[in-house]
Amino acid sequence: MEREPPRTHALDRFPAAAVRFVRALEQNRESIAVRHGLSPSELRALFWIGEQGSVRPKELAAHMEMTTGVTAISHRIVELGLLERIAHPEDRRSLFLELTPAGHAMMTEMHTDFTSMVAGSALMLSVEELAAFESALTVVATEVFSRLGR
């Protein structure tokens, strides 16, 4: 008796294109992480700390949507010399996580590489098409976040 092929659930049109775009960016992020000796979670944490400038571990945990594991992630990034713990000036039980000079240098290098990769991937678009794409991505992302309550 032959087994029926499994059912599949595939998106099409814009939702499929959006998922493909996000997957391409995720694969790029994983490639960057591997090149720099980081796990994808460590890279995600490093990028967010770099974007924020200074965060408390509790804020990082909320951003990463993790209740455990953030201490290990931040500890490893500290051990790599990319992150430092800064004592809170008013609360001795609290601290901030901030990039070290080496962390800033790595972020600059990764942003340059990412910008170059994205720019190279969009060479077939005219200036007008690229501006329209940027605008559409911004509008859609804003709307998605709005629907998520963020």
Side-chain angles (χ1 to χ4, degrees), residues 10-11 13-150:
L11 298 169
R13 304 183 48 96
F14 177 75
V19 167
R20 185 170 167 79
F21 182 69
V22 168
R23 285 183 182 152
L25 293 178
E26 287 173 349
Q27 285 184 358
N28 180 64
R29 182 176 62 197
E30 288 173 14
S31 171
I32 289 169
V34 167
R35 271 197 321 269
H36 291 280
L38 301 167
S39 73
S41 294
E42 291 164 349
L43 182 69
R44 183 175 172 214
L46 193 65
F47 260 73
W48 194 70
I49 293 166
E51 187 178 317
Q52 301 302 308
S54 183
V55 300
R56 293 182 176 149
K58 187 175 183 174
E59 295 168 324
L60 179 60
H63 172 74
M64 302 280 292
E65 298 177 344
M66 299 174 79
T67 55
T68 61
V70 169
T71 300
I73 289 170
S74 62
H75 182 73
R76 169 124 160 73
I77 301 171
V78 167
E79 285 181 342
L80 291 171
L82 303 172
L83 197 63
E84 61 186 336
R85 295 180 182 97
I86 307 293
H88 190 292
E90 299 162 8
D91 181 358
R92 65 176 202 205
R93 296 172 298 161
S94 188
L95 58 92
F96 294 103
L97 300 170
E98 297 180 5
L99 297 179
T100 63
H104 283 290
M106 182 183 279
M107 290 302 302
T108 298
E109 178 185 338
M110 288 189 289
H111 279 192
T112 299
D113 290 349
F114 181 77
T115 300
S116 175
M117 185 273 301
V118 170
S121 299
L123 287 175
M124 76 294 293
L125 298 175
S126 69
V127 172
E128 296 79 17
E129 289 170 325
L130 190 57
F133 182 58
E134 177 184 346
S135 177
L137 271 178
T138 301
V139 168
V140 171
T142 300
E143 182 61 23
V144 168
F145 281 128
S146 170
R147 290 170 184 252
L148 294 171
R150 294 184 183 176

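Along the sequence shown, residues carry numbers from 1.
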Look up atom [atom1] in [X] and atom [atom2] in [Y], then write down how far apart they are to the nearest 0.5 Å.
X      : Y     : atom1 : atom2 : answer
Ile73  : Met64 : CD1   : CE    : 4.0 Å
Leu60  : Gln52 : CG    : CD    : 10.0 Å
Glu26  : Ser31 : CD    : OG    : 13.5 Å
Met106 : Leu43 : CE    : CG    : 9.0 Å
Leu46  : Leu97 : CG    : CG    : 10.5 Å

Taking all non-hydrogen atoms of both residues into account, name the closest pair between [X] and [Y] and its distance.
X      : Y      : value
Met110 : Ile32  : SD-CG2, 3.2 Å
Pro40  : Ala33  : N-CB, 4.1 Å
Leu130 : Ala122 : CD1-CB, 3.8 Å
Thr71  : Ser74  : O-OG, 3.1 Å
Arg44  : His63  : NH2-O, 3.1 Å
Leu99  : Leu83  : N-CD1, 4.0 Å

Checklist entry - What pairs with His111 under side-chain contact (heavy atoms from CB on, under 4.5 Å), at least two apart in sequence or on another chain? => result Phe47, Met107
Checklist entry - Does Arg20 have any side-chain contact (heavy atoms from CB on, under 4.5 Å) partners at least two apart in sequence or in another chain, and if so, which? => result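 Not a single residue meets the side-chain contact (heavy atoms from CB on, under 4.5 Å) criterion with Arg20.
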Checklist entry - Got a sec, which pairs hit salt bridge (Lys or Arg N to Asp or Glu O under 4.0 Å) with one end in residues 121-145, sequence neighbours left out? => result Glu143-Arg147
Checklist entry - Which pairs, with at least one residue in residues 68-80 and sequence neighbours excluded, count as a salt bridge (Lys or Arg N to Asp or Glu O under 4.0 Å)? => result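 Only Glu42-Arg76 qualify under salt bridge (Lys or Arg N to Asp or Glu O under 4.0 Å).
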Next on the checklist: Please determine whether side-chain contact (heavy atoms from CB on, under 4.5 Å) holds for the pair Leu38 and Leu82, giving the CA-CA distance in whole Å, both sets of side-chain angles, and the decisive distance to 0.1 Å.
Outcome noted: CA-CA 11 Å; Leu38 301 167; Leu82 303 172; 4.2 Å; yes
Item to check | Modelled atom types, side-chain donor and acceptor of Ser54 and Glu98, under 3.5 Å | outcome: yes
Checklist entry - For the side chain of Thr142 and the backbone of Thr138, is there at least one donor-acceptor N/O pair under 3.5 Å apart? => result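 Side chain of Thr142 to backbone of Thr138: a pair is present.
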Checklist entry - Donor-acceptor pair, Thr108 side chain versus His104 backbone, under 3.5 Å? => result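 Yes; at least one donor-acceptor contact below 3.5 Å.
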Item to check | His75: partners by ring-ring contact (aromatic ring centres under 6.0 Å, His included), with sequence neighbours left out | outcome: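 Checked His75 against ring-ring contact (aromatic ring centres under 6.0 Å, His included); zero matches.
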Next on the checklist: Per the ring-ring contact (aromatic ring centres under 6.0 Å, His included) rule, what does the pair list look like for residues 113-132, sequence neighbours excluded?
Outcome noted: none
Checklist entry - Hey, does Phe96 have a side-chain heavy atom less than 4.5 Å from the side chain of Arg85? => result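 No. Closest side-chain heavy atoms not under 4.5 Å.
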